[in-house]
Amino acid sequence: MSESTCGTVAIIGAGTMGQGIAQHCAQLGYEVQLVDNVTARAEAAKFGIAQILERLIQKGKITNDERQSTIARIHVQATVAAAAKNASVAIEAVPEVVDLKVELLKVVVASAPAECLLATNTSSLSVTEIGARVGHAARVVGLHFFNPVPLMDLIEIVRGVDTSDETVSRALSFSRTLKKSAIVVRDVAGFATSRLGVMLGCEAIRMVEQGVASAADIDRGMELGYRHPMGPLKLTDLVGLDVRLAILEHLHRELGEQFRPPPLLRTMVRAGKLGKKSGEGFYIWKDGQPVAKAR
Ligand code: NAD
């Protein structure tokens with residue numbers, strides 16, 4: 001994979017992150033093979049990308065030709081094997097469940113060319129464990145994208161114990177082709193970003209539980225007082241409360257008591273209040289925008 005040559009990226013899982021990674025890779029010229037176990041979700045993700053690109057045309061940021069060529073580069077596949085067939089990079093973006101990620105990357109290994117980079121978008125799980133269980137640890141690397149992918153500049157590259165130098169160097173090269181800035185971190189639960197970001201969100205949820213202030217005021221405190229572009233509760237809504245809970249459960253097991261998930265988070269997930277994607281979390285979401293709840 002040379003830095004000037006675009007290849008094929010297989011993306012497994014077409015939820016929040018899979019959709020964003022697919023859009024960004026296709027906009028940068030990669031052929032994208034998108035697969036989800038619910039094929040309708042992959043189709044919906046492609047439709048969602050088309051709508052986002054339409055808005056970018058209206059804002060004068062891209063041309064109609066760019067929109068059409070981007071959409072034409074996104075191919076929905078029915079199976080992981082079909083998606084991986086010609087991939088130079090495969091990225092799994094399925095839920096934060098280690099067994100699921102391992103199972104799917106094993107299918108990629110069986111179907112993709114031998115030089116295909118095997119990447120996981122996990123926010124917290126062990127890249128070392130995923131690599132060892134997939135059986136090709138040297139080729140497995142964490143490519144941790146941020147939400148929304150087309151707008152966020154960072155890719156956190158996570159190096160497992162047996163990830164090879166060549167794999168890290170290819171991951172860096174791939175990040176450059178996506179015009180992202182990369183940091184390379186050691187494989188410790190939560191890496192550099194989730195560990196700090198999730199802790200802030202977790203403490204903010206505890207503060208809502210204790211009635212310290214409303215979610216909107218806690219967020220405004222961090223936005224205006226600390227210049228955070230987005231408060232920790234709005235960000236939790238954007239990420240998905242279910243996703244945050246899964247990360248916290250893992251960090252609690254690995255790093256200890258300070259990451260114990262707050263009961264309020266568990267209750268909200270059980271009630272289906274997952275944040276932006278379900279229309280309600282710490283905010284009510286209308287037309288993609290957060291509206292503060294009455295206290
Ligand atoms: P999501 O729930 O929005 O999407 C997951 C998708 O995977 C769903 O569409 C689901 O149908 C699909 N899926 C489930 N089982 C599958 C299978 N067997 N084969 C193919 N597809 C399958 O989750 P998400 O927020 O996109 O998170 C995905 C991963 O990215 C997680 O590991 C998460 O920790 C990580 N991540 C999330 C964020 C975020 O802000 N949401 C940021 C960085 C990393």
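The analysis underlying the following values was restricted to heavy atoms, covering all of them including side chains, and did not include hydrogens, waters or symmetry mates. As the structure lists them, so they are numbered: ligands from 1, and atoms in each ligand from 1. Remember, it's a predicted structure, so these values are computed and weren't measured experimentally.
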- Start with the C-alpha distance between T167 and V140, add both sets of side-chain angles, then the distance that settles side-chain contact (heavy atoms from CB on, under 4.5 Å), and finish with yes or no. CA-CA 7 Å; T167 296; V140 174; over 6 Å; no
- Sequence neighbours left out, what pairs pass side-chain hydrogen bond (donor to acceptor under 3.5 Å, both in side chains) with at least one residue falling in residues 108-120?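 As it turns out, the side-chain hydrogen bond (donor to acceptor under 3.5 Å, both in side chains) pairs with a partner in residues 108-120, which skip direct neighbours, are E92-T120.
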- Query: E31: what forms a side chain to side chain contact (heavy atoms under 4.5 Å, CB included) with it, not counting sequence neighbours?
  - Reply: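 For E31, the residues satisfying side chain to side chain contact (heavy atoms under 4.5 Å, CB included) (neighbours in sequence not counted) are T8, R73, H75.
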- Query: Is E203 paired with R206 through a side-chain N to carboxylate O contact shorter than 4.0 Å?
  - Reply: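 Looking at E203 together with R206, the answer is yes, because their closest N to O distance falls below 4.0 Å.
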- Query: What residues form a salt bridge (Lys or Arg N to Asp or Glu O under 4.0 Å) with E280, not counting sequence neighbours?
  - Reply: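 Salt bridge (Lys or Arg N to Asp or Glu O under 4.0 Å) check on E280 returns K273, K293.
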- Can you find a side-chain donor-acceptor pair between Q23 and Q19 that sits under 3.5 Å?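 The answer is no; no qualifying pair exists.
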- Identify, chain by chain and in numerical order, each protein residue with a heavy atom under 4.0 Å from an atom of ligand 1.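 Ligand 1 is contacted, at a heavy-atom distance under 4.0 Å, by I12, G13, A14, G15, T16, M17, D36, N37, R41, A93, V94, P95, E96, L100, K101, L104, N121, T122, S123, H144, F145, N147, V239, V243, K277.
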